[in-house]
Structure formats: structure tokens, C-alpha cells
Amino acid sequence: MVERAESESRKLLGRLRDTMADKAAGQERLDQITHLTADSMGTEVCSIYLFRDDETLELCATQGLNPESVHQTRMKLGEGLVGRVARTGKVINAADAPSAKGFRYMPETGEEIYSSFLGVPIQRLGEKLGVLVVQSKEAREFSADEIYALEVVAMVLAEMTELGAFVGEGAALRARHTEPVLMRGVAAQEGAAEGHIWLHEPRVVVTNLVGDDPESERSRLHEAVENLRVSVDQLLAGASDDHEQVQVLEAYRMFANSKGWLRRMEENIGRGLSAEAAVEKEQSDVRARMSQATDAYLRERLQDLDDLSNRLLRILTGQGTQTGAELPENPILVARNIGPGELLEYGRQLRGIILEEGSVGSHAAIVARALAIPLVINVARITNEALNGDHVMVDGDEAVVHLRPGDTVVSAFRDKMAMQAKAQERYASIRDKPATTLCGKTIRLEMNAGLMADLPSLENSGAEGVGLFRTELQFLIRSQMPRRTELAALYARVLDAAHGKRVVFRTLDIGSDKVLPYMKAQDEPNPALGWRAIRVGLDKPGVMRMQLQALLRAANGRPLSIMFPFVAQYEEYAAARAEVDKALARETKLGHALPESLEIGAMLETPSLAFACKKFYQEVEFLSIGGNDLKQFFFAADRENELVRRRYDTLNVSFLTFIEGIVYRCKSTNTPLSFCGEDAGRPVEALCLAAIGLHSLSMRPASVGPVKHLLRRCNLDDVRKIIHDARNAGDQTVRPAVMEYLRGLS
Ligand code: PEP
Ligand code: MG
């Protein structure tokens, strides 16, 4: 019985292949497939319904229903049995369709005489394309073998759709991947970019679906699975102690050795599929199960299996490894998600990045920001829609992606880019000039950095130094704790690249949103207020000591600036300083060169430090306001929470008054003060900060030009007066008054 079903299935597949090979037009091919399928399954009707748009299905070919209704009969997603198959992605097998739940009678088709109904979804890699249906007069349920056979036809249809087999004169289908698509996501790094798609993991397209010789297909499958097992074992052997990574690889290994998985794929071959089609059929089944699973753990494991199938397909087809392939001109990277290390490998060659998943605080986003590459995340279906080489425009300001844009979009977008380029030219022309205001005050502009890759910006942006070097990025992008020698070498290279300009190294600032992959994450009720930054450093001093040593060695006799993050009270600063003294004593004992000069500062990120004792202000050698954190605590508004993070304006009078208080305190003790939060890089905010006495600002390199350009056109005395007037008038924010002033500038 099984053998009979297998040989029937093989026969049908063989005939389908002949249809594919035929030079017929798209519609004719679809018609032939309905004819063949009905014939082979012994049903009176076979129909193909395809999506016209996201919500509408259209009868595109039929054997048995009224031919006049082809391209006329349409239904909404979820409407009738066909619409239900499309919506749920599940098979409907009804002996008496008219009495089945949701049945909708469509008189123009003449289907009233048919009783049984079998509908299967046509989908490719989870993407819904349509529904394939057979119907017959005889009231009967279809067997498991028949369902299987129809699913295989649906899969062939899906693959052929991907290959554009149904496009043409009187076309049943629009050509796929040819039309312009506008997609929206979430902005993670601003900037506009135009270029061509580079799929991080390109889709595999299976062209030979049918296997004539099951034995040779089986041995191809076995060989590929064996390769897969070896590669997973190699990955495991090379894996770090990273618990999570090892867990995923263990799961991979378990699946790769799973007899059930292999058996199901072998069965698919037995029914006439090629080895790769057999893998893909199993993958579709897994995806169907995945979409039903509600348990997060199970979904993750099924996701692993899905990834593994992809690997196997790549081995079988030799596609998609991208090795040797060349990046297109102006590459725009598209991926479901990407790790920070992989992103760094691409580095600055990328013009833009589009991710299907990701989060604003993810490490990949941190790297993209550090590299100043426009990044849009959470762009649903981009990995399905985009093809390698497709023309694309990424708008990181508006969080919009124009895939295969039409002429109007292209010219509007290019206008926008040209305006930005013009502004850049203006900034370049003042790069070597000081940020001196009309009232004669010179503001020091430094840049924030975190990667070696940032250092060239020191020259290009015209920044006078690195006001904040976020050392945690080096820790975040690795799968294991870096060693002291590695860090020392890296910090030394940073100092080399700075050519004597000041670099302020901030010690490890982890916790809250920055979780090291190799450190056990703490389950804290409120991580932003939790065990983070200097608190971790002081409670577990091993890493801090290692980092301090690395910094001292890197300086190797050169000047060194170290800054402790998230200091909330004097004692924390004193304790951290004591660690520096210990490290210095140790270096002296070892006979190593000490820094020519050493300044130890703190970040002012908690309101408490603004009110710390005078002794603190006298002892600390410099202070830098971490406005990102300070603002979230001042307004009690989580910086990671989209619902509240933009609720309070930096130019809020209370906040500016608070900052001004810090400026006065620092003046009274002669403590150098700067500001290194994101607001320092926003020109209007930077202007107001400068006006209330912050004469040193550190920002993203790309912001140095715009901030300098504005400062050079303004009079700080005027702006200070505007702020004071706004305060006296009881205004909530000074923004409207400052904007009014800016409009009046020549
Ligand atoms: C800040 O809080 O303003 C700051 C500069 O530090 P980070 O953004 O790294 O927390
Ligand atoms: Mg901070």
C-alpha cells in the first residue's frame, strides 16, 4: 500500500517536472498542473488560489470548476474554507464541505455539486502564497497519502512561483521580487543610504525538486547530513564556555543526529522528491508546527531545527555560503539578526543595515551606531522580500526602507541625500576651526568612541580628543572575557591612533541594558537601578583590577585619563581611586613605566552626586555628566522604554536649572566639567548646555560638525538670557524661545 502510494506520488512528480520543463506560458502551466493533479488524485476538481494582495485570494486556475470564474472569483483571507486554509496555514479535509464550518458557497464556480474538499496551503519558508484544493462528488475523507501528495504539489508550486514560472502574458501571477516595496521598521541609527542588497544568509532556491533515482538521492542526503554533523561538532569543539552558545550547538547536534528527522526526509525522497526538496518539505512541516507552538522553549528548539535545515540545504545545493562572492557596490546588509562580531567583520564597507529582528539596545545596534551606519530594525519580511543585488534606499531617520524604489522615490531620496551631503561639506570646511561663538567663547568638542574602528573619526570629525571611550564594547562583542594582555594591546593602539590627543577611558560599564554574554545575567527587578557599572566593579574587583592594569600598561609612560561610571556617592569614588593606587603600586614594584600624568575622573549620572560633599568635588580630577542616565533618573523615565523615553525635553527648565547647579559647584572648586550624553551631539541642546556654562562637550563624531556649525553662529550671552527669561516667565521648556532665536540668525 505504502509502495503504491510512493510510486503514485513519484509518477505525479515526474509529470509535474515535465510541465515545468515545458516552455509554456505561466497561465498554461498552472492549468496543466490542475489538470494533472485532478487526474492523478482521481478527483473531479483541482483549483489553485493565489494571493492578489495580502488580504485577497484569487482563483487562478481550475480543472472542474467553471472556467469563466478563473481570475473572477476572489475571497478575503479567512473567508470560506479556502480563506481559512490560507489564514491558518492548516490543511482542511472535509467529506461534506457544504456542512463544514465556515463554508461559503460561490455560485459562479458551479461547485455546489461537489461534496468532499481537501485544501492545503501553498507556502514557501513560512510565506503564504495561496491555497491548492481538490474536490470530488463522492463524500469521502482524503487519506494521509493523498494529503501528502497534495502538499508536495503545493510545495512544487511554491518553488515554481519563486522561480517565476507563472509569470507571463495573461499572467496568473505578478513577477515576484520585482515590484517596489515600502517597508517600515524602527530607527536604530540615523542617516540615509542608497545601495544594493547583500543578504547575510541568502535564501536557497531549490531548482531540482524531483528525484528520479531515490537511491542516489538518499546517498546525497546521507553525505550532506554527515557533513553537517562534522561541522556542528567542529563548532562545538571551538565554542567558548559561553553557556548559551553551547546549549544551542548541543541542540543542533541532537537534531543532526536525530533518527526521526532523517527518516522523515528519507520518506520524502521515497515519494519522489530530490534530496534538497525532501529537506525543504521537512522544513516546511517544522515551520508549520512552529507557528502553532505556544511554548517559548519549544519554539526556540524548532527554530534551531529550522536553522539546521538551512545549513543542510546550503551543503546540498552549494548555494548561499557567499564565500568568494563579491559584495555589491554600496552594500546594504540584510539579515534576520546579526551578532556584533559578524557586523564588525563587514565593518565600514557597509552603507546601511536592515534587520528583520533586533532591538535598539542590542549589541549589533551598538556596533552599527559606533560605525555610524544607518540601521533600521524590526523590518518584517525583509529577508523574504529582498534579493541579492536589489536596489534599496534606507532612511534611518524615518525608519523606512524603499526596496526596489520607483523613480519618484529615487529622486526625492537623492535630494534628501544631496542636502545632507551639502551640509557635510559645510562641516568639513570648518573642521580645523575652533568652536568659537560670536561672544568669543571657545567650546571644546570631543568625541565618544568605543571601538578601534572609531579612531579615524578623530581626524575626520575635527574632534579635539575622545571625551568618552566606552570600554565595555570590547567586552560585549566577544564570546569570552578578554585577557589583560589583549586589552592592554588594544588600549595602546587607541592611544597610538589618538596621536597625543586626550582619550578618557571609562572603566567597564556593564549591567542594566549591557549584559556580557559570558557573565551570568542577574535577574533584577529594575536593572537600570541595579547592580551595574562601578557597583559591579567594586563588588567583584577582579575585572576592574585587570582593566586598570591593562590601562596603565597601555599608557606605558604616556598621559592617561580614567573615568569611573555611575558613581553615586563619594565613598564609591574613593574606593575606586584606592584600586588605582594599588594598581600603581604594583606596577612600580614590577618596574613598569608609570603614566607621565594620570587624571582620575567620575561620571555624574545620578542626581545624588550633584549634591555630594565638597570633598568629592575637590578630590575628583574631572567630572563628565552622563546625561543619558542622569536624565532618566531626574525625570524617572526609563531611557529604554519607548513609552516614556522622549516624554521629557532636555530643554526642560528644571533640568537645565539642575545642570546649571552642577556647573556652579564645579566652578567653586575649579573642577573641570564636561557633558558626554547623547544630548551633547544635538545642536540646539549643545547650544543651551554651552550657554549655561558647559564648555566641554563629547558626542558622536558625526555630530561634531553640526554642533560646531551652530555654535559658531550664536552668541551664548543671548541664549543664556533667553534661558533665564524663560525660567522667570515660568515656562516649562526653553525650546520654543531658543528656536525663535535661531530663526532670527542670519
Ligand atoms: C550616559 O549615561 O549619558 C553615558 C554617556 O553613558 P552610557 O550612555 O554609556 O550609559
Ligand atoms: Mg551612562
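The shown structure was predicted, so the numbers you read here are calculated from the model rather than taken from an experiment. Whatever order the structure lists them in is the order used to number ligands and atoms, beginning at 1.
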If only atom types and distance count, is the side chain of Glu464 paired as donor or acceptor with the main-chain N or O of Glu446 below 3.5 Å? no
Worksheet item: Does the pair Glu599/Arg502 count as a salt bridge with the N-to-O cut at 4.0 Å?
Response: yes
**Study point:** Whether Glu605 has an N, O or S atom under 2.8 Å from the Mg ion (ligand 2)
**Key:** yes
- Query: Would you say Lys708's side chain and Arg431's backbone share a donor-acceptor pair under 3.5 angstrom?
  - Reply: yes
Looking at Asp629, the N/O/S atom that lies nearest to the Mg ion (ligand 2) is called OD2
query = Do Lys721 and Asp725 sit within salt-bridge range, that is, some charged N less than 4.0 Å from a carboxylate O?
reply = yes
Pick out the protein N or O atoms lying less than 3.5 Å from any N or O of ligand 1, and list each pair with its distance.
from, atom 1, to, atom 2, distance (Å)
ligand 1, 2 (O), Glu605, OE2, 2.9
ligand 1, 2 (O), Asp629, N, 3.0
ligand 1, 2 (O), Asp629, OD2, 3.1
ligand 1, 3 (O), Gly626, O, 3.3
ligand 1, 3 (O), Gly627, N, 3.1
ligand 1, 3 (O), Asn628, N, 2.7
ligand 1, 3 (O), Asn628, ND2, 3.2
ligand 1, 6 (O), Arg506, NH1, 2.9
ligand 1, 8 (O), Arg470, NH2, 2.9
ligand 1, 8 (O), Asn628, ND2, 2.9
ligand 1, 8 (O), Arg639, NH2, 2.8
ligand 1, 9 (O), Arg470, NE, 2.8
ligand 1, 9 (O), Arg470, NH2, 3.4
ligand 1, 9 (O), Arg506, NH1, 3.2
ligand 1, 9 (O), Arg506, NH2, 2.8
ligand 1, 9 (O), Lys514, NZ, 3.0
ligand 1, 10 (O), Asp629, OD2, 3.2
ligand 1, 10 (O), Arg639, NH1, 3.0
ligand 1, 10 (O), Arg639, NH2, 3.4

By side chain to side chain donor-acceptor pair (under 3.5 Å), Asp496 pairs with (sequence neighbours left out) Arg558
Checklist entry - Are Tyr648 and Phe655 close enough that their ring centres sit under 6.0 Å apart? => result no
field: Ring centres under 6.0 angstrom apart (Phe505, Phe564)
entry: no
